[in-house]
Amino acid sequence: MILLCILILLALCGPAHGICGQTCGLRPMGTSISSTRVVGGTDVMPGTGAWAGIASLNCYCSPEACVHICGGTLVSAQWVLTAAHCFINVTSPLSDWLIVLGATSLSQQGPDVEVRRIKRLILHEKYSPNIEHHDIALLELDKPVRCRSSIQTACLPGPSVKVSELKNCYIAGWGDRIVKSSGRDVLQQAKVQVVDNQICNSSEWLQGYIHDFQVCAGQGGVGTCQGDSGGPLVCQDKRAGFFWQIGVTSWGIGCARAKRPAVSSSTQYYYNWIWSTMGKKPAPAVTPAPAPTYTAAPQPTVTPRPTQPCPFPREKLQQFFDLLKDILRYLKEKLF
């Protein structure tokens with residue numbers, strides 16, 4: 001009976017495998033060590049479950065290696081959200097690109113990592129490469145991925161989410177600093193401050209270049225750099241432990257300069273575009289959730305279900321289960 005109970009608990013507390021969208025917004029921060037990359041960031045260590053939704057977009061692939069171009073995030077089993085400008089002035093055909101999910105190190109291999117090709121690229125119809133307006137895109141993968149602890153979808157904030165009230169914001173990526181420092185390819189993360197658009201638009205900051213479809217984040221010494229484009233800007237829900245992806249890294253003036261924060265495309269602004277482009281309805285709503293508000297003709301808008309942590313540590317139960325098996329084996333040998 002004890003064995004049966006433990007097996008049931010293990011099954012209940014294990015990560016959801018195979019079905020993407022049941023959970024989203026897994027915590028970005030895991031065990032980390034100090035680093036000098038992503039400009040003021042830290043290493044994201046493998047096996048922590050951190051940044052489970054992030055993807056690396058690779059191009060110029062040869063049998064020996066691929067080149068990381070941009071970041072992205074999984075938003076459903078077969079779709080990755082990224083920046084439109086990642087595909088401008090790139091001569092390599094889409095068939096040569098590889099999308100890597102589940103890895104914190106780009107050289108990482110194994111059962112936790114999945115690699116896909118691009119079936120279809122959809123740039124926002126109003127994307128303007130000269131001024132980087134509406135810098136957002138969706139990639140349809142050649143086949144769905146199987147979600148697990150290392151691969152989960154991002155939580156996208158619908159109209160009812162008050163983004164201004166979110167806290168603890170982070171960025172992540174495999175940006176340019178990786179290539180120019182120690183040569184390692186470990187994912188970087190950093191805590192950043194979201195800057196109000198009115199301040200970001202002031203004469204001392206970005207001088208009127210910011211619009212309501214953009215979000216500013218970062219400060220002097222901490223921020224994104226080349227190669228972090230398309231990656232996530234996430235902030236923690238004020239009532240729970242999961243994180244909303246509020247931005248897709250777009251552009252910046254230099255890297256992490258004072259009063260020159262990085263600019264991201266607002267996922268809340270493009271919420272309906274993202275879901276309609278994928279041809280899907282939004283994921284099930286969080287409960288309880290505030291009533292949605294509308295700025296146009298009423299459309300049903302609901303938000304993804306956050307990750308619900310298991311009350312029992314899976315690792316501890318597994319250790320106890322293994323110990324119990326040893327005890328039973330010992331008793332069996334003594335009795336028989």
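In this chain, numbering begins with 1 at the start of the sequence shown. Just so it is clear, the values below take in all heavy atoms, side chains as well, and ignore hydrogens, waters and symmetry mates.
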Backbone N/O of [Y] and side chain of [X]: donor-acceptor pair under 3.5 Å:
X: Gln268; Y: Val161; result: yes
X: Trp174; Y: Ile69; result: no
X: Gln188; Y: Val186; result: yes
X: Arg116; Y: Lys143; result: yes
X: Ser128; Y: His133; result: no
X: Asn201; Y: Ile210; result: yes
X: Arg120; Y: Leu139; result: no
X: Ser265; Y: Asp135; result: yes
X: Gln214; Y: His211; result: yes

Restricting to non-hydrogen atoms, name the atom on [X] and the atom on [Y] that form the minimum distance, rounded to 0.1 Å.
X: Ala55; Y: Val80; result: CB-CG1, 4.4 Å
X: Asp196; Y: Gln198; result: OD2-N, 2.9 Å
X: Cys59; Y: Val90; result: SG-CG1, 4.0 Å
X: Ala217; Y: Val192; result: CB-CG2, 4.1 Å
X: Trp51; Y: Val234; result: CH2-CG2, 3.6 Å
X: Thr267; Y: Ile274; result: O-CD1, 4.2 Å

Between Val248 and Pro232, is any pair of side-chain heavy atoms under 4.5 Å apart?
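No; the side chains remain at least 4.5 Å from each other.
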With a 4.5 Å heavy-atom cut-off, do Arg260 and Leu206 have their side chains touching?
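Result yes, sub-4.5 Å side-chain heavy-atom pair found.
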If the plane angle is over 60° it's perpendicular, under 30° parallel, otherwise tilted; pick one for His134 and Tyr269.
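The arrangement is tilted - the two ring planes meet at 30° to 60°.
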Should the ring pair Phe243 and Tyr170 be called parallel, tilted or perpendicular, given that the plane angle runs from 0 to 90° and is split at 30 and 60?
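Judged by the thresholds at 30° and 60°, the geometry between Phe243 and Tyr170 is perpendicular.
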Does the pair Val113 and Leu101 meet the rule for a side-chain contact (heavy atoms from CB on, under 4.5 Å), with working shown?
CA-CA 6 Å; Val113 179; Leu101 297 125; over 6 Å; no
Below 2.5 Å, is that where the SG pair of Cys147 and Cys20 sits?
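Yes, because the SG atoms of Cys147 and Cys20 sit under 2.5 Å apart, which meets the disulfide cut-off.
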Would you call Glu114 and Arg148 a salt bridge, using N to O less than 4.0 angstrom?
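A salt bridge is present here (some side-chain N lies under 4.0 Å from a carboxylate O).
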Which is it for Leu74 and Trp79 under the side-chain contact (heavy atoms from CB on, under 4.5 Å) test, yes or no, and what are the steps along the way?
CA-CA 6 Å; Leu74 190 72; Trp79 291 88; over 6 Å; no
Side chains of [X] and [Y]: do they bring a donor and an acceptor to under 3.5 Å?
X: Ser276; Y: Asn272; result: no
X: Asn58; Y: Ser56; result: yes
X: Gln236; Y: Trp244; result: no
X: His85; Y: Ser229; result: yes

Answer with yes or no after comparing the ring centroid distance for Tyr270 and His124 against a 6.0 Å cut-off, counting only values under it.
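Yes, ring centres under 6.0 Å apart.
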Intermediate values then yes/no, side-chain contact (heavy atoms from CB on, under 4.5 Å), Val75 and Leu156:
CA-CA 8 Å; Val75 288; Leu156 302 179; 3.9 Å; yes
Mind running side-chain contact (heavy atoms from CB on, under 4.5 Å) on Gln152 and Cys24 for me, showing each step along the way?
CA-CA 6 Å; Gln152 292 289 336; Cys24 66; over 6 Å; no
In Å and rounded to the nearest 0.5 Å, what is the [atom1] to [atom2] distance from [X] to [Y]?
X: Asn197; Y: Phe213; atom1: CG; atom2: CZ; value: 10.5 Å
X: Cys70; Y: Leu57; atom1: SG; atom2: CG; value: 6.5 Å
X: Gln245; Y: Cys169; atom1: CD; atom2: SG; value: 12.0 Å

